Amino acid sequence: MSAEADRAAPTTDHLAAAWNAAVATVRGNIADFTAWYPDDTTTAGAYRPRTARDGQPEGANVGWTTGFWPGMLWLVWEATGDDAVREAAERQVDSFADRVRREIDLDTHDLGFLYTLSCVTPYRLLGDERARDAALKAANHLMDRFLEPAGILQAWGDLENPLQRGRTIVDSLMNVPLLYWAAGTTGSRSFLDAAIRHTEQLRRHIIRPDGTTFHTYYWDPETGEPLRGGTEQGHQDGSCWARGQAWGVYGFALGYRHAREESFLDAARRCADYFLARLPEDRIAYWDLVFTDGSGQERDSSAAAIAVCGLYELADHLGDQGAASRYRAEADAILDSLATSYSTAHDPGSTALLLHGVYDKPKNVGVDEGSLWGDYFYLEALSRRLRPDWRSYW
Ligand code: GLY
């Protein structure tokens, strides 16, 4: 490299330092998080044991976010080869195998988030058959949520619940990779068909003509007719919830990775272009994209971390096109801002990796806090940037 080119080359030293700080925090959490699962978000910047609910004790493996902890452990183990980290991650397989065997809190589409990271990943990395068996059980439960004739996976609640029946949400796109994996490992076409049909229904109906997304969308469960969009965690039914848009970027890009449908790649680009167009000065989205600088609203750093992973994934599928370099440069800028101003790299007292996220502002839950998914996707984003040979868990 010429001296001039060398001077111009971006340095990743600050990201390597941020990665080292994050790894130290993950290692420091192992003893506690093996004894109990942390809550979805921090409280005043630190994780506490998961609240007791639905007959399960405090710290139990319930809810949609517990799989992000083993996900973080696998990212750290792959980079460091540290046996203590691998052992901690393998212990997680026991808990997730037990959860699916005893059918604890499975009435959700979030089985994809939960079992891709906790069980598909150790099966892929280490050939753990017990993990494969648990992940396949979870994939079969997810298939029970595939509604005919609508061709969608119901997101939340019991299938007989009239308020939830026929409803799905943009986040569901991240649960679909469990079905692609199940199709590949079993050779069964039904998993693949459900994955593609669900993604196609979201592409058609959850993305609005201007490239924004609804958070949730309802279908008539009897006729399959698409009915209406709305929100649950966004500012208004007609606004664009930032994390939902980020799930759209990453979820449609992953849909393209697995199904090779060009329309999924185009959907990911439309979601990305709107997300990027609404970023404020420091590139970290406000919790709903209707807000920007001067609004006095909170950022959602977790949406930023998810978007970074989605933009890198999207760029990988665009080959040499100029758009690929643009999406990569945008992702780099967001990640730099996260590492510099939103991570706990300079705040060794926190048990989170990333602060200043929003879980659910309308319900005032987890506002301006860290979250397990924010931490996971921040670590994945650093892995993608610093370890170009990292192979996706999704
Ligand atoms: N998937 C739930 C959320 O993003 O809040």
Side-chain angles (χ1 to χ4, degrees), residues 37-42 47 50-51 53 62-69 71 105-118 138 142 145 152-157 164 167-178 198-199 202 206 212-217 229-235 239-252 254-255 271 275 284-289 297-310 352 354-378 380-381 393-394:
Y37 284 97
D39 251 333
D40 300 319
T41 71
T42 58
Y47 286 110
R50 187 157 285 250
T51 312
R53 63 171 232 217
V62 291
W64 72 279
T65 59
T66 49
F68 294 116
W69 170 240
D105 198 16
L106 302 185
D107 280 339
T108 171
H109 68 146
D110 290 317
L111 294 163
F113 277 119
L114 290 163
Y115 281 85
T116 300
L117 296 176
S118 66
L142 187 53
R145 306 182 68 78
I152 56 136
L153 297 159
Q154 181 175 319
W156 292 319
Q164 300 298 345
R167 183 187 200 187
T168 198
I169 67 174
V170 65
D171 326 22
S172 64
L173 292 167
M174 295 300 295
N175 291 312
V176 172
L178 180 65
H198 176 79
T199 308
L202 266 67
I206 221 157
T212 62
T213 47
F214 286 112
H215 179 195
T216 92
Y217 204 95
T231 200
E232 188 72 26
Q233 286 159 256
H235 178 58
S239 69
C240 184
W241 178 48
R243 193 160 64 254
Q245 193 75 6
W247 292 136
V249 177
Y250 201 3
F252 282 118
L254 288 171
C271 291
F275 186 89
I284 306 304
Y286 287 84
W287 67 274
D288 191 297
L289 297 179
Q297 296 285 329
E298 294 81 8
R299 315 298 179 117
D300 181 7
S301 60
S302 75
I306 295 158
V308 171
C309 296
L354 198 60
L355 296 175
H356 309 301
V358 170
Y359 185 6
D360 190 335
K361 178 83 191 265
K363 300 186 193 67
N364 199 25
V365 178
V367 176
D368 198 23
E369 294 287 353
S371 69
L372 289 173
W373 64 90
D375 289 355
Y376 170 80
F377 286 104
Y378 170 61
E380 183 185 309
Y393 297 165
W394 304 99

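One-based numbering, in listed order, for ligands and for the atoms of each. This structure is a prediction, so every number in the text was calculated from the model and none was measured.
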Checklist entry - Does Y47 have its ring centroid less than 6.0 Å away from the ring centroid of W69? => result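 Not under 6.0 Å, so no.
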Next on the checklist: For residues 242-251, which residue pairs pass the salt bridge (Lys or Arg N to Asp or Glu O under 4.0 Å) check, not counting sequence neighbours?
Outcome noted: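 Those involving residues 242-251 are R243-D300.
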Checklist entry - Under 3.5 Å, is there a donor-acceptor pair linking the side chains of T168 and H109? => result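 No, because no side-chain N or O of T168 sits under 3.5 Å from a partner of the opposite role on H109.
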Tabulating one pair per line, provide the atom names and distances (0.1 Å) for every N/O atom of ligand 1 that is less than 3.5 Å from a protein N/O atom.
from     : atom 1 : to   : atom 2 : distance (Å)
ligand 1 : 1 (N)  : D171 : OD2    : 2.7
ligand 1 : 4 (O)  : D171 : OD2    : 3.3
ligand 1 : 4 (O)  : R243 : NE     : 2.8
ligand 1 : 4 (O)  : R243 : NH2    : 3.4
ligand 1 : 4 (O)  : W247 : NE1    : 3.0
ligand 1 : 5 (O)  : Q233 : NE2    : 2.9
ligand 1 : 5 (O)  : R243 : NH2    : 2.6

Checklist entry - Between Y359 and W64, what is the ring plane arrangement, given parallel below 30°, perpendicular above 60°, and tilted in between? => result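 Tilted.
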Checklist entry - How would you list, by chain and number, every residue that makes a side chain to side chain contact (heavy atoms under 4.5 Å, CB included) with T65, sequence neighbours excluded? => result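 With neighbours one apart ignored, the set is D40, R50, F68, L372, W373.
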Item to check | Which residues share a side chain to side chain contact (heavy atoms under 4.5 Å, CB included) with A305, sequence neighbours left out | outcome: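 A305 satisfies side chain to side chain contact (heavy atoms under 4.5 Å, CB included) with L338, L354, F377, Y378 only.
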